[in-house]
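The next block holds one structure in the form of structure tokens; read it before the comments.
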Amino acid sequence: MKKTFALTHEKKATARLVDAIKNEIKKYLKRERAKTLPNDVDFWDFDCRFGADAASAKKLHIAEMNAALDQAEVDKLTSCYIEIIAKPGYRTPKE
């Protein structure tokens, strides 16, 4: 998913828009994780980027996405760019 979300709307509060974005991200992750894994893959991992626009987006972990959205609301950004790309994940064996 590569998408720019608006954080301002004439009739909706910013907090409701942020909640809707979080819900869309959650649904996307659920849909991607439900896909069949290839034989040699342990789980689906995700490369994530977040920023005010695509050029200024920085890498972050998927668990930090909600905090980044909350910070964008506090910073009063007018829009935010979110990129989430699924990739194969491999567990590292314990020693």
Side-chain angles (χ1 to χ4, degrees):
M1 166 173 51
K2 296 179 184 180
K3 194 168 181 182
T4 301
F5 292 95
L7 295 176
T8 57
H9 191 274
E10 59 189 33
K11 294 185 179 182
K12 294 180 184 175
T14 304
R16 298 295 70 83
L17 292 171
V18 170
D19 287 343
I21 294 168
K22 288 178 183 178
N23 187 41
E24 188 171 337
I25 290 170
K26 185 176 119 181
K27 287 193 311 187
Y28 175 78
L29 293 175
K30 183 178 179 181
R31 185 171 50 243
E32 288 296 311
R33 286 180 177 139
K35 290 183 179 178
T36 305
L37 288 169
N39 290 336
D40 60 337
V41 176
D42 296 322
F43 62 96
W44 288 116
D45 196 9
F46 297 96
D47 283 333
C48 303
R49 293 178 54 213
F50 180 87
D53 56 11
S56 67
K58 299 197 185 324
K59 281 186 81 166
L60 52 89
H61 191 270
I62 191 66
E64 300 168 335
M65 190 64 71
N66 284 347
L69 278 167
D70 291 337
Q71 187 61 40
E73 180 183 3
V74 170
D75 293 343
K76 297 187 188 311
L77 296 178
T78 57
S79 66
C80 65
Y81 174 79
I82 297 174
E83 179 178 318
I84 303 173
I85 306 295
K87 66 177 184 176
Y90 303 97
R91 299 201 195 290
T92 55
K94 292 184 179 180
E95 296 182 13

- At what distance, to the nearest 0.5 angstrom, does CG of Asp19 lie from CD of Glu24? 13.0 Å
Shared hydrophobic cluster for [X] and [Y] (ILVMFWY, side-chain gaps under 4.5 Å):
| X | Y | answer |
| --- | --- | --- |
| Leu69 | Phe5 | yes |
| Tyr81 | Leu77 | no |
| Ile62 | Val18 | yes |

- Sorted by first residue and then second, give each side-chain hydrogen bond (donor to acceptor under 3.5 Å, both in side chains) pair with at least one member in residues 5-15; sequence neighbours left out. none
- Message: Under a 4.0 Å threshold between the charged nitrogen and the carboxylate oxygen, would Asp42 count as salt-bridged to Arg91?
- Response: no
- Query: Hey, are Asp70 and Lys22 close enough for a salt bridge, meaning a charged N less than 4.0 Å from a carboxylate O?
  - Reply: yes
- Message: Using a 3.5 Å distance criterion without hydrogens, assess whether the side chain of Glu32 forms a donor-acceptor pair with backbone atoms of Leu29.
- Response: no
- Under 3.5 Å, is there a donor-acceptor pair between the side chain of Trp44 and the main chain of Lys35? yes
- Item | Side-chain heavy atoms of Ile25 within contact of Ile84, under 4.5 Å | yes
- Task: Please tell me if the side chains of Leu7 and Cys80 come closer than 4.5 Å, counting only heavy atoms from C-beta onward.
- Result: yes
Where do [X] and [Y] come nearest, in terms of heavy atoms and distance?
| X | Y | answer |
| --- | --- | --- |
| Cys48 | Met65 | CB-CE, 3.9 Å |
| Leu60 | Ala68 | CD2-CB, 4.2 Å |
| Ala54 | Arg49 | O-NH2, 3.0 Å |
| Ala6 | Ile21 | O-CD1, 4.4 Å |
| Phe50 | Ala72 | CZ-CB, 3.9 Å |

- Exactly one candidate in Phe46, Phe43, Tyr28 meets side-chain contact (heavy atoms from CB on, under 4.5 Å) with Arg33; the answer is Phe46
- Query: Picking from Met1, Lys2, Lys59, what satisfies side-chain contact (heavy atoms from CB on, under 4.5 Å) with Glu83?
  - Reply: Lys2
